[in-house]
Amino acid sequence: MELTVRIIDLTYKVENGKAVIYLFCVTPDGQRVCVRDSTMAPFFWAEGVDSEKLLRLKTAEGWITDVRQEERKLHGVKKKLCKVFANMPKSIPVLSRLVKDQLGAIVYENDILFTRRYLLEKNLFSHKEVVAEGEWIASGLSVPLFEASVVRNGGDNKLGVPRLLALDIETYDSRGRIEPDKNPILMLGLVGDSFRKVVTWKRFSTEDKDIEFVTDETALLLRFKELLDMYQPHMICGYYSDGFDLPYIKKRADVLKVTLNVGLDYSPIFIPEGDDAARITGIPHIDIFKFVKKIMGRSMETEVFSLNAVASELLGEKKHDVDLDMLSKVWDSDPEKLEVYAQYNAQDAALTYKLCRHLWTNMEEFVTLIGLPIETVTRMSYSQLVEQYIFRQAQKHGELAPNKPDDAEMEKRTRMRLKGGFVYEPTPGLYHKVVVLDFRSLYPSIIISHNISPSSFRCSCCPQSHNTVVIAGEHYWFCENARGFLSAILEDVVTKRAQVKKMMKDVSGDEKKLLTSRSEALKLLSNSFYGYLGFAAARWYSFESAEATTAFGRQYIQSVITHAQDTGFSVLYTDTDSIFLQLGDKTKEEAKQFQNAINETLPDMMEMEWENFYPHGIFVALKGALGGAKKRYALVDEKGNMKIRGFETVRRNVAPIAKEVQENVLRIILKEGDVKKAAAYIRQTIKDVGQRKVEKEKMIIFTQLQKDIKQYESISPHVAAATRMQAKGIDIGRGSFISYIVGNGAGKLRDKVKLPEEAGEYDANYYITHQIIPAIGKIMEVFGHKAEDFQNDESQSDLSKFWS
DNA sequence: ACCGGGCGGGG
DNA sequence: GTGTACGCCCGGT
């Protein structure tokens with residue numbers, strides 16, 4: 001019979017000396033089943049050795065079972081190879097080493113995980129339809145088992161919405177230390193589809209029917225298994241559950257000698273070394289933290305990936321505000337107060353559940369793009385995603401995967417330094433009628449247009465090619481006849497994305513969300529190709545390709561600069577892929593004509609886009625800053641929107657008054673074009689601050705403690721504030737938010753720090769010289785003002801009256 | 001500038 | 001599991 005299912009997880013076992021694949025699957029109606037396939041043998045490739053010799057090779061555990069002659073390409077070059085089959089996956093590293101060392105052969109693809117090899121060889125994709133031919137057999141698993149003689153790709157239909165369960169635990173902790181061997185799990189929160197539960201083992205009165213009491217920690221662990229068996233999740237998720245929740249649960253089960261055989265094959269939770277994926281056989285586990293940090297983080301605002309920060313940004317929802325450091329004390333001596341902690345626990349699980357749902361389409365798009373299981377894909381870095389994607393395509397094209405670099409090669413590669421994009425430094429000043437144009441996806445489009453690939457680099461057929469770029473006096477050219485493998489793949493990704501974007505125009509709702517996620521996944525993938533080429537550990541590493549990509553990029557932007565100047569535009573600033581033009585006497589229409597003219601000279605894949613037109617903008621010098629010139633400008637468009645880059649307005653540890661003054665100064669200059677008014681406004685504000693007419697609230701500096709108070713060597717203002725908070729009985733540690741005011745008084749800054757509620761008068765002089773002046777100084781210097789102009793005038797003498 | 005080491009998340 | 005994260009920040013030189 002035939003069975004149509006979607007793979008969600010897979011593993012292999014050795015049975016009677018043979019590797020057997022177990023595919024954990026979901027049927028179209030949501031049943032969990034397992035498909036067993038014992039038809040594939042592990043193999044690797046060998047070059048430069050004959051079959052006879054190979055077949056004689058044998059070790060105690062491993063031997064070669066078969067050798068077949070086949071042809072494959074490496075970087076486009078055809079090779080005659082031996083496909084070497086072995087008795088077991090684990091024999092592969094041993095045997096391939098012997099083949100290399102004793103027989104002098106070159107070996108390829110001898111480090112491919114067996115489950116990945118299986119999916120590649122059979123062209124199967126996780127979460128997409130697969131068809132198995134075979135029959136149901138007696139199952140030793142907790143789900144039905146199907147023995148397959150054939151498993152094949154069933155098309156592009158995808159997994160429906162899976163049954164999901166989020167988990168979170170609260171633990172006893174002794175003075176902030178996590179000691180799973182000593183301290184028990186106090187609460188277990190589970191949230192699923194119309195499912196919510198907190199299990200705990202100390203009784204307190206509550207109205208919440210989702211809170212369930214058990215006798216002790218052992219009972220809590222057993223209840224966890226029961227609930228898993230009852231709910232039958234397709235997947236489970238947690239927040240940093242690879243590094244905390246699941247290892248903790250596993251450890252407690254070991255300590256208490258509880259059999260926690262939650263795997264669908266009755267195996268226990270598997271915790272690897274380090275903080276890699278915690279696994280439950282047959283139930284994929286997603287660590288939301290990992291996926292957010294590695295993949296989604298790039299397109300997010302937050303720099304902190306705590307559950308609270310991530311949930312706030314993505315869901316607009318926060319964790320419950322409870323004092324977690326008190327949990328252990330409350331547990332010991334005041335259990336009636338435990339309810340808030342149970343609610344906190346449930347909320348954490350709920351946020352994790354919602355995040356997983358929110359990010360589902362993003363995760364699934366990557367899964368169906370790469371084809372590997374969700375458990376793997378959600379933990380991969382960009383370069384791994386690119387590599388796995390290339391690997392899958394290589395298979396289709398009969399291309400071998402190049403070997404990973406050895407230690408010596410790695411070292412060599414890490415020392416290489418890439419020259420980046422071209423920056424045309426702006427002259428500080430106020431500018432009017434600024435047009436910004438930028439290249440759409442500059443690097444991907446260059447790689448495609450110039451056929452940049454290891455296989456097309458310095459081909460022998462077109463040395464006179466005009467597809468050449470010169471780097472340090474050397475000619476780099478790429479073939480004009482044969483399509484390079486990597487650039488062809490990348491073109492395919494970009495083309496797919498264009499199709500998806502086209503489709504997006506005609507749909508809405510869930511379908512639109514799906515296509516948006518697909519487009520984002522394809523964009524992230526295509527934008528990562530360039531970085532991948534220069535990534536030291538990459539199989540398809542090509543420093544020349546990476547170098548050529550940035551070199552062509554510099555060439556393009558420089559030619560745009562020249563062209564712009566020849567056309568009579570004044571170039572203000574450029575960086576890598578964007579150019580800022582001053583219109584002067586010219587019109588926007590002429591700038592558009594210029595843009596069109598540039599586009600006519602560009603290859604098809606490349607395009608200069610109209611970013612925006614800005615009536616006014618200022619550019620500020622950044623002398624003395626580390627790392628050379630940085631973007632520091634402010635522009636205002638016709639709708640009045642300000643585009644501000646590189647000013648400290650965004651920084652947290654600056655007083656609101658300084659942010660306010662800076663924003664207002666930029667607004668007055670950009671929108672009203674009145675520098676005198678801005679200067680007058682600054683003088684007035686400084687005067688007001690000097691006379692303390694500006695309210696205290698605007699002087700509160702807000703920051704976060706990066707480590708525990710004791711660990712600070714020097715007492716900076718925020719540490720002094722933290723110490724004061726601690727003295728008041730507030731529990732302060734790493735991550736605590738600190739707010740303070742610099743008060744009037746003598747001595748060092750740290751002696752003047754006051755908490756907002758205890759502060760009397762603020763130190764006006766400090767706020768003027770250390771907050772306001774730095775925020776506007778660089779801007780006003782552009783207009784010939786010196787910082788002292790604002791400090792030495794009458795406001796300062798007014799201020800002096802208040803000095804004691 | 002260049003490196004070596006340590007950390008993130010969780011309680 | 002046919003393995004050995006990775007990128008950033010800090011402090012020292």
Side-chain angles (χ1 to χ4, degrees), chain A residues 11-14 19 41-45 62 84-97 107-118 120 167-180 183-187 238-249 270 272-279 287-294 297-298 302-310 319 322-328 331 341 344-345 348 352 376 379-384 401 403-404 407 414-415 417 531 535-537 626-628 706-707 711 713-714 733-735:
Chain A
T11 185
Y12 84 94
K13 290 179 197 297
V14 174
F43 66 86
F44 65 97
W45 299 95
V84 186
F85 292 88
N87 61 326
M88 281 212 285
K90 283 200 160 83
S91 310
I92 300 280
V94 185
L95 292 168
S96 64
R97 170 118 230 132
V107 296
Y108 298 100
E109 298 186 5
N110 59 326
D111 56 357
I112 312 302
L113 303 183
F114 188 58
T115 52
R116 294 192 192 181
R117 168 62 80 199
Y118 176 85
L120 282 171
L167 72 92
D168 180 59
I169 58 168
E170 305 307 324
T171 63
Y172 191 91
D173 80 83
S174 27
R175 291 180 297 281
R177 303 183 59 174
I178 296 172
E179 294 169 312
N183 296 327
I185 296 170
L186 307 181
M187 293 171 181
Y239 204 86
Y240 199 54
S241 36
D242 275 351
F244 182 72
D245 301 80
L246 288 177
Y248 210 109
I249 290 171
F270 175 74
E273 291 290 314
D275 72 341
D276 214 337
R279 288 183 54 91
D287 185 339
I288 300 295
F289 160 71
K290 288 256 174 82
F291 181 67
V292 169
K293 185 165 180 203
K294 290 187 162 181
R298 286 223 192 144
T302 184
E303 288 174 15
V304 181
F305 294 100
S306 62
L307 175 58
N308 201 36
V310 171
K319 279 168 73 114
V322 301
D323 188 355
L324 208 52
D325 294 337
M326 291 300 287
L327 170 57
S328 302
W331 180 268
Y341 292 98
Y344 169 87
N345 185 215
D348 273 12
T352 307
T376 311
R379 289 172 177 81
M380 283 162 73
S381 63
Y382 278 100
S383 41
Q384 285 173 310
N403 288 326
K404 283 187 191 165
D407 291 350
T414 21
R415 271 200 290 270
R417 290 278 168 257
F535 171 57
L626 291 163
Q706 293 303 318
K707 46 188 181 180
Q711 291 167 298
E713 296 278 335
S714 56
R734 182 159 60 85

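Here is the naming used below: chain letters follow the sequence lines, and residue numbers restart at 1 for every chain.
- A:Lys13 comes within contact range of no nucleotide atom at all, as no heavy-atom separation falls under 4.0 Å.
- In this structure A:Glu109 satisfies the side-chain contact (heavy atoms from CB on, under 4.5 Å) test together with A:Trp45, A:Ile112, A:Arg117, A:Phe391, A:Leu400, A:Ala401, sequence neighbours excluded.
- Following rounding to the nearest Å, A:Phe289 (CZ) and B:dG9 (P) show an atom-to-atom distance of 6 Å.
- Partners of A:Phe85 by ring pair (Phe, Tyr, Trp, His ring centres under 6.0 Å), not counting sequence neighbours, listed by chain and number: A:Phe43.
- Legend: residues meeting ring pair (Phe, Tyr, Trp, His ring centres under 6.0 Å) with A:Tyr12, ordered by chain and number and at least two apart, are A:Phe114.
- Nucleic acid contact for A:Tyr118: none, since no nucleic acid atom lies under 4.0 Å from a heavy atom of the residue.
- Look at CG on A:Asp407: it is 12 Å from C1' on C:dT4, rounded to the nearest Å.
- In this structure, A:Asp323 reaches neither bases nor backbone, as no heavy-atom distance under 4.0 Å exists between it and the strands shown.
- Note on A:Arg379: nothing from the nucleic acid sits closer than 4.0 angstrom, heavy atoms only.
- No hydrogens or angles were tested; on distance alone, a donor-acceptor pair under 3.5 Å links the side chain of A:Tyr240 to the base of B:dG9.
- For DNA chain B, the stems formed by at least three consecutive Watson-Crick or G-U pairs, with both atom-pair distances below 3.5 Å, span B:1-8 with C:6-13.
- For A:Phe535 and C:dG7, the CZ to C1' distance is 11 Å, given to the nearest whole Å.
- Between the side chain of A:Asp242 and the main chain of A:Ala278, a donor-acceptor pair closer than 3.5 Å is present.
- Counting to the nearest Å, the P atom of C:dT2 and the CG atom of A:Leu113 are 5 Å from each other.
- One N or O donor and one acceptor, one from the side chain of A:Asp276 and one from the base of C:dG3, sit under 3.5 Å apart.
- When each of B:dG9, B:dG10, C:dT2 is scored by its nearest atom to the side-chain atoms of A:Asn110, the top-ranked nucleotide is C:dT2.
- Nucleotides B:dG9 and C:dC6 are separated by 15 Å at their C1' atoms, to the nearest Å.
- Remark: A:Thr414 pairs with A:Ala536 by the side-chain contact (heavy atoms from CB on, under 4.5 Å) rule, at least two apart or across chains.
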>> Run the side-chain contact (heavy atoms from CB on, under 4.5 Å) test on A:Asn183 and A:Thr171 for me, step by step, so that the C-alpha distance in whole Å, both residues' side-chain angles and the decisive distance to 0.1 Å come before the verdict.
In response: CA-CA 7 Å; A:Asn183 296 327; A:Thr171 63; 5.6 Å; no

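- Among the heavy atoms of the strands, none lies under 4.0 Å from A:Lys294.
- Distance, A:Lys293 NZ to B:dG10 C1': 13 Å, rounded to whole Å.
- Residue A:Phe305 is classed as a sugar-phosphate contact, given heavy-atom separations below 4.0 Å to backbone atoms only.
- Counting any heavy atom pair closer than 4.0 Å across all strands shown, A:Leu307 reaches sugar-phosphate atoms only and no base atom.
- Applying the ring pair (Phe, Tyr, Trp, His ring centres under 6.0 Å) test to A:Phe535 and every residue at least two apart in sequence or in another chain returns nothing.
- As rounded to the nearest Å, B:dG5 and C:dA5 have P atoms that lie 16 Å from one another.
- For the OP1/OP2 pair of C:dT2 and a distance below 4.0 Å, the side-chain nitrogens and oxygens of A:Tyr12 include at least one atom meeting the criterion.
- Atom CD in A:Glu109 sits about 14 Å away from atom P in C:dG3, given to the nearest Å.
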